[in-house]
Amino acid sequence: MLLTDKFGRPITDLRISITDHCNYKCVYCRTGNEGALYGDLPFSDYLRMARIFAALGIKKVRLTGGEPLLRRGVVDFVRELSMLRSADGEPLELALTTNGHLLAETARPLKNAGLDRVTVSMDAVDPVRFARITRVPNGYDNVLAGIRAAKRAGLDPVKVNCVLLRGFNEDQIIPFGMFAREEGVVLRFIEFMPLEEDRVWSPAVVVALDEILERMAEYRPLVEIPHQRSETARRYRFDDGIGEIGIIAPVSHPFCGHCSRVRITSDGKIRTCLFSVWDHDLHAQMRRGASDAALEDFIRGVILHKEERHHIGEPDFVPASRTMVHIGG
Ligand code: SAM
């Protein structure tokens, strides 16, 4: 029996945070004062978890963090993941989300090890603004070099994620549209969610899907292209066919009904929703010597109780028990 929750959603997409450390302190994500809060596990433990999840129906594994490229041994870990097979006997689809700071030197080895795709987070296409957002000087050039190296290495399509905050970087919408066309990357705008360390979120700060589309249309018209139901992004192409942008709109257009994701935190806890108020200690089961079959039962039981939806913006909203950087986005 493959993994399905009690609402009938098949769970096919696993995200593993391999470190709680990050070398950027993005203003919408971190306070800038706190470092890692949670530990991490030997790669062999994540590998065992991934193997068991794959046997239960996971088809896609995304490595994240913290910043996953800070973790030494990540290339070898990707190589080991590439040898796993899904329940259908197929190789897993392997992806990585990174801030791109260390990608220029790792893109080719990652591709050679079996990584299929990479998503790079980048919230401004101007070096000064980029430094203000990340609180790191001179990061922009590294990230741009990382994006280009990923393209050359064939980690296609390279996706660039941008979180927009009103009053901070919403003037970057059109420059990002130009960037997508010039660099040949798929751009994804993500609506800001209340998952930050500093509790600065309010509905007024969110730049929502409709507004992004309106702004971009001032530059060039966009045409919507079909997307799969379980895909998080609504996808658009510019009218001349050059350049794709996507909008991930969990706040204004929630897609929880089609959610296929489950996450493992760096310290080995399962989270069934970004907004979970508790997590489930898979690693504790492993430490106690649980067999693969016992771990499968544990995972099935956890998935069954996956949350139906998030409650962002509702009076009964309860903040998640961890912020984004400590979950793994
Ligand atoms: N360090 C890696 C990176 O920068 O991509 C991986 C971890 S980071 C937490 C994953 C993604 O979450 C990034 O694209 C980041 O922009 C996004 N993110 C962080 N906080 C967010 C929030 N409150 N709302 C929406 N996206 C957020």
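Keep in mind the model is a prediction, meaning the values are calculated, not measured. Start at 1 and go down the list; that is how both ligands and their atoms are numbered.
- In this structure, the side chains of Arg62 and Glu93 stay at 4.5 Å or more apart for every pair of heavy atoms.
- Salt bridge annotation for Asp267-Arg322: present, with a cationic side-chain nitrogen under 4.0 angstrom from a carboxylate oxygen.
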- Under the side-chain contact (heavy atoms from CB on, under 4.5 Å) rule, what do Arg129 and Asn169 come out as? Steps first, then yes or no, please. CA-CA 8 Å; Arg129 186 81 61 91; Asn169 64 347; 4.2 Å; yes
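- Residues Phe275 and Phe317 are in side-chain contact: their nearest non-hydrogen atoms beyond the backbone lie under 4.5 Å apart.
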Quick check for students: name every N or O atom pair between ligand 1 and the protein closer than 3.5 Å, with distances.
| unit_1 | atom_1 | unit_2 | atom_2 | d |
| --- | --- | --- | --- | --- |
| ligand 1 | 1 (N) | Gly66 | O | 2.8 |
| ligand 1 | 1 (N) | Glu67 | OE1 | 3.0 |
| ligand 1 | 4 (O) | Ser121 | OG | 3.4 |
| ligand 1 | 5 (O) | Thr98 | O | 3.4 |
| ligand 1 | 5 (O) | Ser121 | OG | 2.5 |
| ligand 1 | 14 (O) | Ser121 | OG | 2.7 |
| ligand 1 | 16 (O) | Tyr28 | OH | 2.6 |
| ligand 1 | 23 (N) | Met193 | O | 2.8 |
| ligand 1 | 24 (N) | Met193 | N | 3.0 |

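- At distances below 3.5 Å, at least one donor-acceptor pair connects side-chain atoms of Glu196 with backbone N or O atoms of Val200.
- A salt bridge links Glu314 with Arg309: at least one charged nitrogen is closer than 4.0 Å to a carboxylate oxygen.
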